[in-house]
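Below, chain A is the first sequence line, B the second, and so on; all start at residue 1.
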There are 2 protein chains.
Amino acid sequence: MLEKTTRMNYLYDFYQSLLTPKQRSYMALYYRDDYSLGEIAENYGVSRQAVYDNLKRTEILLEEYEQKLSLFRKFEERRKLIALIRQSMNEHPDDNDKLNRYLDELEELD
Amino acid sequence: MLEKTTRMNYLYDFYQSLLTPKQRSYMALYYRDDYSLGEIAENYGVSRQAVYDNLKRTEILLEEYEQKLSLFRKFEERRKLIALIRQSMNEHPDDNDKLNRYLDELEELD
C-alpha cells in the first residue's frame with residue numbers, strides 16, 4: 001500500500017495539470033495528506049462511495065497518462081543516468097567517452 | 001510559417017499520444033508531410049473547411065498541453081544544459097563543481 005501511495009503521489013506530481021479541480025483535491029487529500037475516505041466525504045458533503053469512485057477513476061486516468069507519456073519512467077531513468085554521470089566524474093575523471101555515452105543516453109530519453 | 005511548422009511538429013512529437021487517430025492523421029499529413037488542406041480533404045472525403053477546423057482545434061489543444069506540461073520547453077532546456085556539460089568537459093575537464101551545477105539544474109527540470 002505504501003508503494004502504491006508513493007507511485008500515486010509521483011503520478012499526481014507529473015499529471016495533476018491534466019486533472020479537474022475536484023480530482024486534484026481528492027487525490028491530494030487522500031494520497032498526499034493521508035485523509036480517510038470518510039473524512040473527505042464529510043468535508044465535501046458527499047458519500048464515501050462517491051469519493052472512492054472518483055479516486056479510482058483518477059488513478060486509472062493517471063496510469064493511462066503514464067502509459068501514453070511515460071513522464072515518471074523517464075524521470076527515474078534520468079535520475080539514474082545523472083547519478084552514473086556524477087559517479088563516473090569522481091571515479092574516472094579522465095574518461096570522457098563514458099561521460100559522453102551517458103549524455104547520449106540522456107538525450108535519447110527525450 | 002516555417003517556424004510555426006517546426007513548433008507544431010515538435011508539439012506533435014511530444015503530445016501525439018493524447019490526440020485522437022483523426023487528429024493525428026491530419027496533423028501528420030499537413031505539418032510533417034506537407035500535404036495541402038485540399039489534398040487531405042479529398043483523401044478523406046470531407047470539406048476543406050472541415051480539415052482546417054480540425055487542424056486549428058488540434059493546434060490549440062497541443063498548445064494547451066504544452067502550457068500544462070511544458071515537455072517541449074523542458075526538452076529545449078535539457079538540450080542546452082547537456083551541450084554546456086559537453087563543452088565544460090572539454091574546456092575545463094577538472095572543474096567538477098561546474099559540471100555538478102549543470103547536473104543539479106538538469107535534475108531540477110523534472
Side-chain angles (χ1 to χ4, degrees), chain A residues 6-7 9-21 23-24 27 58 60-110, chain B residues 6-7 9-21 23-24 27 58 60-110:
Chain A
T6 305
R7 181 172 175 83
N9 276 320
Y10 267 113
L11 294 184
Y12 177 76
D13 273 354
F14 285 109
Y15 302 111
Q16 60 174 293
S17 64
L18 301 177
L19 301 178
T20 67
Q23 287 170 330
R24 272 203 288 274
M27 284 296 291
T58 307
I60 291 167
L61 195 59
L62 290 175
E63 292 289 359
E64 283 172 355
Y65 282 133
E66 176 62 10
Q67 259 196 330
K68 289 176 177 169
L69 296 170
S70 304
L71 299 186
F72 180 39
R73 179 180 63 73
K74 289 181 178 181
F75 160 80
E76 289 193 305
E77 290 182 24
R78 264 196 290 273
R79 286 293 148 117
K80 273 184 216 157
L81 283 165
I82 292 171
L84 286 170
I85 291 170
R86 290 193 204 274
Q87 191 187 348
S88 181
M89 271 165 49
N90 290 323
E91 294 176 5
H92 314 280
D94 299 323
D95 189 351
N96 271 8
D97 286 352
K98 200 169 190 175
L99 284 179
N100 270 315
R101 275 200 305 279
Y102 289 142
L103 291 169
D104 290 343
E105 284 186 58
L106 261 183
E107 285 189 328
E108 281 159 22
L109 268 181
D110 262 316
Chain B
T6 305
R7 181 172 174 84
N9 276 319
Y10 268 113
L11 295 184
Y12 177 75
D13 273 355
F14 285 110
Y15 302 112
Q16 58 175 294
S17 64
L18 301 177
L19 301 178
T20 67
Q23 287 170 330
R24 273 203 288 273
M27 285 296 291
T58 307
I60 292 167
L61 194 59
L62 290 175
E63 290 291 357
E64 283 171 357
Y65 282 133
E66 175 62 10
Q67 259 195 332
K68 289 176 178 170
L69 295 171
S70 303
L71 298 186
F72 180 38
R73 179 180 63 73
K74 288 181 178 182
F75 160 80
E76 290 194 304
E77 289 182 25
R78 265 196 291 272
R79 286 292 148 117
K80 274 184 216 158
L81 283 165
I82 292 171
L84 286 170
I85 289 170
R86 289 192 204 274
Q87 191 187 347
S88 181
M89 271 166 49
N90 290 323
E91 294 176 6
H92 314 281
D94 299 324
D95 190 350
N96 272 7
D97 286 354
K98 201 168 190 177
L99 285 180
N100 269 314
R101 276 200 304 279
Y102 290 141
L103 292 168
D104 290 344
E105 284 186 58
L106 261 183
E107 286 189 328
E108 280 159 22
L109 269 180
D110 263 316

Taking atom types as modelled, which donor-acceptor pairs link chain B and chain A at under 3.5 angstrom?
from: S17(B); atom 1: OG; to: K68(A); atom 2: O; distance (Å): 3.2
from: K68(B); atom 1: O; to: S17(A); atom 2: OG; distance (Å): 3.2
from: R78(B); atom 1: NE; to: D110(A); atom 2: OD2; distance (Å): 2.9
from: R78(B); atom 1: NH2; to: D110(A); atom 2: OD1; distance (Å): 2.9
from: R79(B); atom 1: NH2; to: E107(A); atom 2: O; distance (Å): 2.5
from: R86(B); atom 1: NH1; to: N100(A); atom 2: OD1; distance (Å): 2.7
from: R86(B); atom 1: NH1; to: D104(A); atom 2: OD1; distance (Å): 3.4
from: R86(B); atom 1: NH2; to: D104(A); atom 2: OD1; distance (Å): 2.8
from: R86(B); atom 1: NH2; to: E107(A); atom 2: OE1; distance (Å): 3.2
from: N100(B); atom 1: OD1; to: R86(A); atom 2: NH1; distance (Å): 2.7
from: D104(B); atom 1: OD1; to: R86(A); atom 2: NH1; distance (Å): 3.4
from: D104(B); atom 1: OD1; to: R86(A); atom 2: NH2; distance (Å): 2.9
from: E107(B); atom 1: O; to: R79(A); atom 2: NH2; distance (Å): 2.5
from: E107(B); atom 1: OE1; to: R86(A); atom 2: NH2; distance (Å): 3.2
from: D110(B); atom 1: OD1; to: R78(A); atom 2: NH2; distance (Å): 3.0
from: D110(B); atom 1: OD2; to: R78(A); atom 2: NE; distance (Å): 2.9

**Item:** Side-chain heavy-atom pair L99(B), I85(A) within 4.5 angstrom cut-off
**Value:** no
Applying a strict 4.5 Å limit to non-hydrogen atoms, the region of L109(A) in contact with chain B is neither
